[in-house]
Number of protein chains: 2
Amino acid sequence: MSSRAVTIRDVAERAQVSISTVSHTFSGSRPISAQTRERVLAAARELGYDANPSARSLRTGRSGLIGLFLRPRYAVAGTPDRAETFNRLVGSVATEMLRRKTGLIHVPDLHDPAVASVPMDGCLVAHPYGSDEVLAEVQRRGIPTVTVEEDPDRPELAWAVRLDYPRVVTGLLEHLREQGAREITLLSGTEDNAWNRRPRQTYLDWCARIGIRPRTGLLSEGLSGEETAARARELLTAADRPDAFVVCTCDSAAVFVKVAAELGIGVPGELLLAALTDSEHGRVANPRITAMDLNHEVLAEQAVELMFARLSRAAEPKEPVTVDPVLRLRESTARPPH
Amino acid sequence: MSSRAVTIRDVAERAQVSISTVSHTFSGSRPISAQTRERVLAAARELGYDANPSARSLRTGRSGLIGLFLRPRYAVAGTPDRAETFNRLVGSVATEMLRRKTGLIHVPDLHDPAVASVPMDGCLVAHPYGSDEVLAEVQRRGIPTVTVEEDPDRPELAWAVRLDYPRVVTGLLEHLREQGAREITLLSGTEDNAWNRRPRQTYLDWCARIGIRPRTGLLSEGLSGEETAARARELLTAADRPDAFVVCTCDSAAVFVKVAAELGIGVPGELLLAALTDSEHGRVANPRITAMDLNHEVLAEQAVELMFARLSRAAEPKEPVTVDPVLRLRESTARPPH
DNA sequence: GCCAATCATCAAAACGTTTCGATAGCCAGT
DNA sequence: ACTGGCTATCGAAACGTTTTGATGATTGGC
């Protein structure tokens, strides 16, 4: 388009002043006479001057941009459930950042040397894994970081927002018991993050407390529908079939409902079903599925707030901010259905 | 954290070479002996060196980042319908960019001088208004731009992805007629963009073609539930109430259903209802609402592809890429309900 | 055993800002 | 008339890269 970008030098020349005067005019860091200011502003306007952001941040050491890393890599391709989680989280963070008039960067793979690195003043790492390597890397680089959910192996990092799983997962388990469930099986996802680890621990603690035998298993949150169905068939035809399942995603729960129907097992009549994250699947399945909504919007809002606090050199909090997930009770655990 | 960032100079010193040698080692732009390369890489590793992205882009003139502007400003705060549109679009663009290992920046207000400007090699402007000022501004700055949906006042900009409204909106209108509707009212949103203008034009053309009197109106897509309800009550109690409404959002359609029920008007029995964008509201309302899904995922994918083509200096296409919206037929227009 | 070509490296000049010490002009106080 | 203290401006030095012309050192052809 234009042959050459307009620089501060062009403005200075046209306004007949030095480049430092132009700089001061814009930044207000030194007094400039009204007359000179006018000339400079006019020149800038006429030339269509815009400061070069790279030059500015090279000099100042700040870019005004915050990076966002979303850790489950396969969220990107993902299942419908994944896509919804991704979209809600990314959307909420973006909304929050826009409200604060600060740019947000989705950072591509930091470990890929082919990828140009990115100028960020701070970064958010969402849903880190245990001993997360990206988290470690940004810390190594000295970038101020806030995590959305904690690295389960590094609970000491207090610049974090975390979900109150014990309260809500216990609430779900008690609800299942009230609805008549005696044998509850928990199927966790296989990604090693807080969302899988902590509800599982809460379940184990709860079982110990009320004196029942815990029944756990794994069910990868990335499985295809067919794979999940095969697994469901296996579990639902076992001799010691439980009377309630808590599974990781609504995608999986919906498959369980379908397989149960094929086997003539009524939900919620003979089997209760709940998921540890909510999604479209849970809201439109028949019956609709009880799920724990991870409250991404509030999580994002708090994380961004924490990020800004950190950047303005607030003291490190004593412990992470806690956000409540929301239990969405639906027909899949309602006996009789309402 | 670290007292001082590690620069190329530190690496050069430790490896006992000049800084240009270090640079060449990383960029591969000149041959470096195996022995020297080893020393340099070792020094970089030991020191934890990472190139400063601002310095690099100052020098090269490229940042490796693409900007994203989402034009409906109030999408950010917005209604549920808005939030879903925003999340799907932002999520899809982000996903697409991550796949291509390029950073994506959500750009805050370009016109706010308090906001640091942002280094971008190109930018996407989504859902521009008529004679969009942000679009004009980025073009003035000479930033290669691709639009998602066209600026309705500048159809000549061919670096764009647009929806095929005529085909799908006509399909919807014919469907309504097949279902028995004789008087169809179209209520457009009030934001001046392609999504509001083009379906309206398609409707007017269709009416003219089949020889019926067009009935149009406006209904702001940003209205609160109460405001929409008041408007709905007014329209549904009018003497010449039509037998079908096409409204802008599912949020609005859901309110229409509710008000109709209060007035004893059955949907779809006595009134058909459809929306020009799909959302959660449409999928869980009772009856579920027929809607046009704007296919944000494909739109985003195509737009990103076009952006990369443009950045690699491909020739300007003769006309915009066209994507089909998807008609989601549901109970609100099904007579009798299936 | 010399000339040309090739190879590996270096030094210096950008890139466009911000920052900061220096300076010229001016006025008030002695 | 000289000093001291403002005010408005300038000049130059960074910030950390990439790029490119120049320069020794090594090779190969004769």
Side-chain angles (χ1 to χ4, degrees), chain A residues 2-41 43-44 47-65 113 116-121 141-142, chain B residues 2-41 43-44 47-65 113 116-121 141-142:
Chain A
S2 49
S3 57
R4 192 109 195 65
V6 176
T7 78
I8 201 174
R9 196 160 268 114
D10 303 320
V11 176
E13 194 169 332
R14 173 173 257 252
Q16 307 265 53
V17 295
S18 72
I19 61 167
S20 47
T21 299
V22 176
S23 179
H24 290 137
T25 301
F26 285 113
S27 68
S29 51
R30 289 231 182 141
I32 297 290
S33 73
Q35 191 185 355
T36 306
R37 152 171 293 114
E38 259 330 298
R39 275 217 318 290
V40 170
L41 293 179
L47 261 32
Y49 169 71
D50 292 295
N52 177 318
S54 299
R56 182 195 306 246
S57 43
L58 171 58
R59 183 56 232 235
T60 63
R62 258 160 298 113
S63 68
L65 299 171
S117 59
V118 154
M120 25 180 190
D121 294 347
R141 296 198 189 181
Chain B
S2 50
S3 56
R4 192 111 199 67
V6 177
T7 76
I8 200 174
R9 195 160 270 114
D10 303 321
V11 176
E13 193 169 332
R14 174 173 258 249
Q16 307 265 51
V17 295
S18 72
I19 62 169
S20 47
T21 299
V22 176
S23 179
H24 291 136
T25 301
F26 285 113
S27 68
S29 51
R30 290 237 180 132
I32 296 290
S33 73
Q35 190 185 355
T36 307
R37 150 171 293 110
E38 259 330 299
R39 275 219 317 289
V40 170
L41 293 179
L47 259 34
Y49 169 71
D50 293 295
N52 178 318
S54 299
R56 179 191 306 231
S57 42
L58 171 59
R59 181 59 231 232
T60 62
R62 259 161 298 112
S63 67
L65 299 172
S117 58
V118 154
M120 26 182 191
D121 295 347
R141 296 198 190 182

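Numbers restart at 1 for each chain; the letters A, B, ... are given by sequence-line order, proteins then strands.
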Given the structure, check if the side chain of Arg30(B) and the base of dG21(D) hold any donor-acceptor pair shorter than 3.5 Å.
yes
Distance check needed: dG16(D) P versus Arg62(A) CZ, whole Å only.
14 Å
Contact summary for Ile19(A) and Arg9(A), nearest pair of heavy atoms:
CG2-CA, 3.8 Å
Quick check: closest heavy atoms across Val40(A) and Val11(A), and the distance to 0.1 Å?
O-CG1, 3.9 Å
Given dG16(D), dG16(C), dG11(D), identify the nucleotide with an atom nearest to the side chain of Asn52(A).
dG16(C)
Rounded to 10°, tell me the angle between the two end axes of the helix from dC2(C)-dG29(D) to dT30(C)-dA1(D), each built from five pairs.
50°
Using heavy-atom distances to pick each residue's nearest nucleotide on DNA chain C, tell me which of Ile19(B) and Phe26(A) is more 5'.
Ile19(B)
Nearest to side-chain heavy atoms of Ala55(B), which nucleotide of dC10(C), dT17(D), dT17(C):
dT17(D)
Report yes if at least one side-chain N or O of Thr7(A) is closer than 4.0 Å to OP1 or OP2 of dG16(C); otherwise report no.
no
So what does Thr60(B) hit on the nucleic acid, given a heavy-atom distance under 4.0 Å: a base, only sugar-phosphate, or nothing?
sugar-phosphate
Nearest-angstrom distance from the residue atom CD of Glu13(B) to P of dA11(C)
13 Å
Of the listed nucleotides (dG16(D), dT17(C), dC10(C)), which one gets closest to any side-chain atom of Leu58(B)?
dG16(D)
Output the single nucleotide from dT20(D), dT9(D), dA8(C) whose closest atom is nearest the side chain of Ser33(B).
dA8(C)
dG11(D) P sits how many Å from His24(A) NE2, rounded?
14 Å
Sugar-phosphate, base or nothing in reach of Tyr49(B), heavy atoms under 4.0 Å
sugar-phosphate
Choose from dT17(D), dC10(D), dC10(C) the nucleotide whose nearest atom is closest to any side-chain atom of Ser18(B).
dC10(C)
Using side chain to side chain contact (heavy atoms under 4.5 Å, CB included), reason through Ser117(A) and Arg141(A) one step at a time and then give a plain yes or no.
CA-CA 12 Å; Ser117(A) 59; Arg141(A) 296 198 189 181; 4.2 Å; yes
Below the 4.0 Å mark, does dG16(C) have OP1 or OP2 next to a side-chain nitrogen or oxygen of Arg9(A)?
no
dG16(D) C1' sits how many Å from Arg56(A) CZ, rounded?
18 Å
Measure across Phe26(A) and Leu41(A) and return the closest heavy-atom pair with its distance rounded to 0.1 Å.
CE2-CD2, 3.8 Å
With a 3.5 Å cut-off and just heavy-atom distances, do the side chain of Arg59(A) and the base of dT17(C) make a donor-acceptor pair?
no
With heavy atoms under 4.0 Å as the rule, sort Ser20(A) into base, sugar-phosphate or nothing.
base
Quick one: Glu38(B) CD to dT9(C) C1', roughly how many Å, whole number?
18 Å
If you look at every strand shown and take non-hydrogen atoms under 4.0 Å, does Asp10(B) touch a base, only sugar-phosphate, or nothing?
nothing
Taking only N and O in the side chain of Ser27(A), is any of them less than 4.0 Å away from OP1 or OP2 of dT18(C)?
no
Contact class for Ile32(B) vs. all strands (heavy atom < 4.0 Å): base, sugar-phosphate, or nothing?
sugar-phosphate
Taking CZ from Arg37(B) and P from dT9(C), how many angstroms apart are they, rounded to a whole number?
9 Å
Residue pair Val6(A) / Asp10(A): nearest heavy atoms and the distance that separates them
CA-OD2, 3.5 Å
Return the nearest nucleotide to the side chain of Thr36(B); candidates are dC10(D), dT18(C), dA8(C).
dA8(C)
Does either side chain, that of Ser18(B) or that of Thr21(B), offer a donor lying less than 3.5 Å from an acceptor on the other one?
yes
Check whether any side-chain heavy atom of Val22(B) lies under 4.5 Å from a side-chain heavy atom of Val17(B), and answer yes or no.
yes
Which heavy-atom pair separates Ser63(B) from Ser57(B) by the least distance, and what is that distance?
CA-CB, 3.8 Å
